[in-house]
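Worksheet for the structure shown next.
Keep in mind that this is a model prediction, so the values were computed, not measured. Residue numbering restarts at 1 for every chain, and letters A, B, ... go by the order of the sequence lines.
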Amino acid sequence: MKSLEKLLEEHNLTLEEYGKIKEILGREPNLVELGLFSVMWSEHCSYKSSRVHLAKLPTRGKYLIQGPGENAGVVEAGEKAVVFKVESHNHPSFVEPYQGAATGVGGILRDVFTMGARPVALLDSLHFGPLTQPKNRAIMEGVVSGIAGYGNPVGVPTVGGEVDFEEEFSHNPLVNVMCVGIADKDRIFYARAGKPGLSLIYAGAPTGRDGIHGATMASAEFGEETEHKKVNVQVGDPFREKLLMEATLEVMEKDLIVGIQDMGAAGLTSSSSEMASKSGVGVELYLDNVPLREEGMTPYEILLSESQERMLMVAKEGKEKEIKKIFEKWGIDAVVVGKTTEDKRFRAIWKGEVVADVPVDALAEDAPKYRRPFVPPRIDQRTDEEWGRERDWEEVLLKILSSPEMASRRWVYQQYDHMVQTNTVLLPGAGPAVLKIKGKKQAIALTIDANPSWGRANPKAAAILTVAEAFRNLATVGAEPLGITNCLNFGNPEKPEIMGQFVETVEGMRQALEFFAVPVTGGNVSFYNETQGRAIPPTLVIGAVGLVEDYRTIPRPERVEEGYGIYLLGWEGKDLGSSVYLRVVLGERGGKVPEIDLEKERALHRELIRLAKEGKISYAIDLSPGGLLPNLAEALFHIGKGAELSVKTDGEAYFLFGESPSRAIVFASGELETEIPSRKIGIVKGERLRVYINGKKKIDLELDELKSRWEGVFPKIFDH
Amino acid sequence: MRAKIEVFLKPGVLDPQGETIKRALHTLGYEAIRDVRQGKVFYIEIEGEDAERTIEEVAKRVLSNPVIEDYRWEIEK
Amino acid sequence: MRAKIEVFLKPGVLDPQGETIKRALHTLGYEAIRDVRQGKVFYIEIEGEDAERTIEEVAKRVLSNPVIEDYRWEIEK
Amino acid sequence: MGNRKIRFGVVVFPGTNCDRDTYHVIEEVAGEEAVYLWHKERDLKGSQVVVLPGGFSYGDYLRSGAIARFSPIMEAIKEFAERGGLVLGICNGFQILLEAGLLPGAMLRNKGLRFICRFEELEVVNDATPFTLLYSKGERIRMPIAHIDGNYFASPEDLSALERNAQVVFRYVENPNGSLNDIAGIINAKGNVLGLMPHPERASEAELGSTDGLRMFLSAAKFVRES
Ligand SMILES: Nc1ncnc2c1ncn2[C@@H]1O[C@H](COP(=O)(O)OP(=O)(O)O)[C@@H](O)[C@H]1O
Ligand SMILES: [Mg+2]
């Protein structure tokens with residue numbers, strides 16, 4: 001027999017937690033039961049460190065249909081419902097980049113179609129270590145092809161995302177994937193078990209030993225040992241996922257089920273116990289009925305397996321046959337593996353014996369909640385006159401555009417099928433993704449944003465800035481935000497400094513969302529993103545969904561013509577701290593993050609939305625990381641024309657490369673009248689980018705040359 | 001010299017391709033087929049003294065993914 | 001019974017995967033490697049009398065595409 | 001009878017993922033009639049044009065199109081093609097037609113080994129097929145590609161036959177994947193079975209960036225209507 005200590009360590013449970021389990025059961029748990037508690041009480045499944053803080057986030061809004069607590073959130077978008085969520089797959093992607101990222105896509109897709117929505121889009125937020133290291137290149141290459149390798153066959157376009165590089169991610173990359181689906185408002189499905197006596201139907205891939213303890217793995221740091229142990233990697237099967245999706249949607253359309261949940265982390269255990277607990281019933285599982293892929297699997301393994309592409313449904317009375325028939329048509333196995341019961345127990349039966357028998361609420365609800373101690377993070381307030389010194393701006397621009405930080409992401413998104421389903425009105429690159437809803441003039445605008453370099457300097461301000469940036473991004477196509485989803489990526493929450501970062505980030509997100517009156521509809525928390533004690537910078541990933549009233553009139557680069565005016569809207573500041581400029585050009589990290597005034601920020605969004613709706617502007621871009629000049633250059637690449645800028649400023653570096661928020665650049669044919677500060681800074685002209693500052697010519701470069709440098713960065717790194 | 005390197009999935013690792021091919025073969029009436037697993041094979045022409053060491057190294061470092069795959073190789077001639 | 005079927009590109013058919021691997025290996029300093037060709041290998045468990053005929057048929061009809069590929073197989077045990 | 005709708009059969013294999021897009025374009029944009037054809041069926045439901053849409057039939061496992069070609073529906077499609085019926089294979093549909101031997105050649109992995117999704121410029125090489133009546137020879141058109149196995153290969157004999165008989169219908173202006181002779185689309189010798197890697201259904205609505213693909217559906221409908 002193993003010592004209790006060893007057993008608990010393997011199950012990532014503390015002695016106190018073990019005590020609580022004994023108290024609940026009134027006896028010692030057997031090994032299977034210990035396994036159940038271990039996964040269900042893991043950080044990943046129970047949110048034990050984050051719950052008390054997440055509860056502060058605003059979850060009401062005028063478009064909200066379903067907030068946190070289900071597989072995905074739901075908002076109203078015109079006549080339809082939009083279902084969306086973001087999920088992390090950081091640890092698996094570090095262990096095996098291709099499969100880790102691929103199965104991450106699979107998991108988030110299931111979260112969305114489980115709700116009755118047809119997935120229409122994927123977005124990915126990716127954070128890697130610097131590409132100067134071969135290992136980081138291999139991870140990025142694997143992750144990108146993994147997302148492509150899963151999303152493309154399933155036929156859901158990957159329409160947006162971001163890639164970012166920071167040293168800390170060398171030891172712990174982040175792979176966050178968001179999925180968006182469209183459903184009928186009155187046809188949303190929930191993780192419910194209904195009443196006692198209903199059949200539980202298992203559909204999808206047979207169960208193997210994949211990812212046993214995946215949830216507990218995601219709830220512990222990587223030490224040297226874990227990295228070598230390379231626990232059972234889950235392999236994705238996008239083909240089966242596609243069939244599972246079609247069959248599930250068909251079963252839903254025919255109204256044959258009471259509730260449904262995907263078998264993600266903690267597999268059969270979490271899906272069955274969570275559905276039952278929510279509906280105040282129990283479950284009895286017949287493990288002998290579970291389709292198995294491997295010989296000799298134990299009840300412990302069957303209950304904890306995280307094999308992919310599996311669903312658990314609660315059938316409407318007497319509909320079992322019909323359900324099976326639909327799955328059979330799609331070539332998917334579907335079998336009854338249990339039933340709901342009166343007694344609120346979670347009971348598993350194997351070879352005629354009860355192998356686990358615990359109160360179902362104890363698994364799903366009674367996980368400990370921790371108010372972990374925290375200390376406020378150190379805020380980086382540094383500024384330096386030296387940052388603003390004048391330099392050769394041509395050289396600087398070239399350097400920034402040909403850095404991985406600002407380079408064209410085409411190498412990435414061209415590997416993703418971003419056009420399948422024929423809704424993609426605005427292709428990747430030019431702004432937020434815009435997807436039309438078939439048969440309607442409305443469209444949804446989607447964006448995913450994070451800024452770990454701000455997070456490192458000031459977690460709370462970073463959260464506010466990130467939310468603002470996401471909504472600013474939506475406003476450039478005239479879209480109002482309907483709701484957000486988010487992923488909180490942090491180090492080890494048992495460390496007070498990390499917990500401090502977390503608390504501040506959530507608080508920043510809360511403030512910003514309350515200000516904008518936009519709800520959180522769900523999200524994900526990923527802790528323990530550290531290896532050998534080195535944590536990632538706090539990284540809040542915001543996935544935002546907005547509504548476009550009429551996709552035919554959105555501002556877009558194709559509308560811009562020679563001679564159009566270029567206007568800078570909003571409020572200028574002197575913000576070079578924690579900027580791309582600082583990192584790429586001066587080789588410095590950190591520094592005071594930009595100041596933001598949310599009133600001004602909102603005024604800018606309103607103005608952008610008004611100008612877009614009234615057709616006053618042809619194209620708009622928000623000023624995000626990189627600052628004015630690199631972002632303007634990118635806009636010109638999309639437009640395919642040069643420009644002549646002529647500006648007066650007393651701080652060239654700040655003006656050209658500063659990252660002050662609450663600003664946007666718009667292109668308009670006539671004179672532009674605005675209700676917020678704006679100034680004309682140039683016109684669209686010729687094939688060169690010329691910049692005159694205070695009357696002196698500072699930049700004069702051929703646009704094509706700039707563009708090919710900008711586009712060539714990733715191909716040069718990855719395609720030799 | 002000519003070497004052949006086979007790279008195959010570790011036992012227990014899911015092989016969606018093999019699975020799908022097996023099912024297709026059953027539909028085509030090849031019911032006697034119990035299992036299909038798919039792997040890769042590399043045929044390498046190599047020169048020099050150190051060929052065996054190089055092949056072992058390349059098989060291990062480059063051609064296989066130790067997380068999910070095993071390999072074996074032989075010199076053919 | 002266990003059969004192994006190898007499917008490989010015909011001589012003369014360009015192999016983009018093999019080419020890329022060869023280039024990558026050269027970059028990594030394995031200059032001694034002259035050529036790399038990539039193929040597929042299928043490990044098949046099969047029962048019954050007729051195994052050899054089935055394997056030949058399956059290899060020819062299903063597992064390989066005669067326009068670009070050849071195959072060979074052996075019974076392993 | 002001139003304005004009677006033409007019925008397009010849109011084939012659905014397990015893993016096909018452009019069936020709905022193709023159906024949408026035929027019905028909503030081209031204004032013709034579309035019906036789905038399930039891979040297990042043998043009945044073409046009176047289709048006058050059969051379209052094999054894009055996607056990943058059977059996950060593209062083994063080889064793209066290799067398993068789909070054994071489907072019952074393919075037997076019906078072969079007969080239909082032999083009788084002169086119009087068959088259009090798009091992307092994975094093209095790969096299936098190659099595997100099924102309805103068109104010559106085979107697909108290899110893209111030269112760069114990566115999946116490529118982007119608009120490509122194509123040259124219309126043959127404007128005399130039922131699918132290209134509404135294009136003109138030498139015209140440059142824009143359509144998206146989205147594939148990883150689109151590197152067209154044929155034996156030297158097949159290739160020269162294709163060129164000799166004007167069976168090359170579309171060529172890439174800039175070859176994205178290594179295809180021999182820049183081939184993007186070919187037709188059979190009889191002139192009724194067309195396969196192409198680019199996606200005409202993704203280039204059928206102005207707001208998606210091009211309407212050059214719509215003419216392919218309209219052309220096939222016109223051909224049927226007038227014959
Ligand atoms: N950062 C977050 N903000 C808001 N809600 C969150 C956040 N993280 C998790 N949630 C919500 O907590 C609930 C529990 O997550 P769940 O979906 O059960 O976990 P899993 O990530 O394993 O699918 C979900 O409703 C989820 O949306
Ligand atoms: Mg879930």
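Proximity to chain C (any heavy atom under 4.5 Å) is restricted, for D:L113, to the side chain, taken from C-beta onward. In this structure, no portion of C:V7 lies under 4.5 Å from any heavy atom of chain D. Residue contact with chain D, scored on non-hydrogen atoms closer than 4.5 Å, involves the side chain of C:L9 exclusively.
Side-chain atoms of C:I68 and D:F153, non-hydrogen and from C-beta on, do get closer than 4.5 Å to each other.
Taking all atoms of both residues into account, the shortest heavy-atom contact from D:L108 to C:V13 is CD1-CG1, 3.8 Å.
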Let me see the donor-acceptor pairs closer than 3.5 Å between chain D and chain C, or none if nothing turns up.
from  : atom 1 : to    : atom 2 : distance (Å)
D:L62 : O      : C:K40 : NZ     : 2.7
D:R63 : NH1    : C:L63 : O      : 3.0
D:R63 : NH2    : C:V62 : O      : 3.4
D:R69 : NH2    : C:R61 : O      : 2.5
D:E99 : OE2    : C:N65 : ND2    : 3.2

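By the salt bridge (charged side-chain N to carboxylate O under 4.0 Å, His left out) test, D:R83 is found to be paired with no residue, residues two or more places apart in sequence or in another chain being considered. Looking at residues two or more places apart in sequence or on another chain, you find a ring-ring contact (aromatic ring centres under 6.0 Å, His included) between D:Y23 and D:Y36. Under the side-chain hydrogen bond (donor to acceptor under 3.5 Å, both in side chains) criterion, D:S47 pairs with no residue, sequence neighbours left out.
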(request) Might you work through the side-chain contact (heavy atoms from CB on, under 4.5 Å) test for D:I67 and C:V62, ending with a clear yes or no? (result) CA-CA 8 Å; D:I67 301 179; C:V62 184; 5.7 Å; no

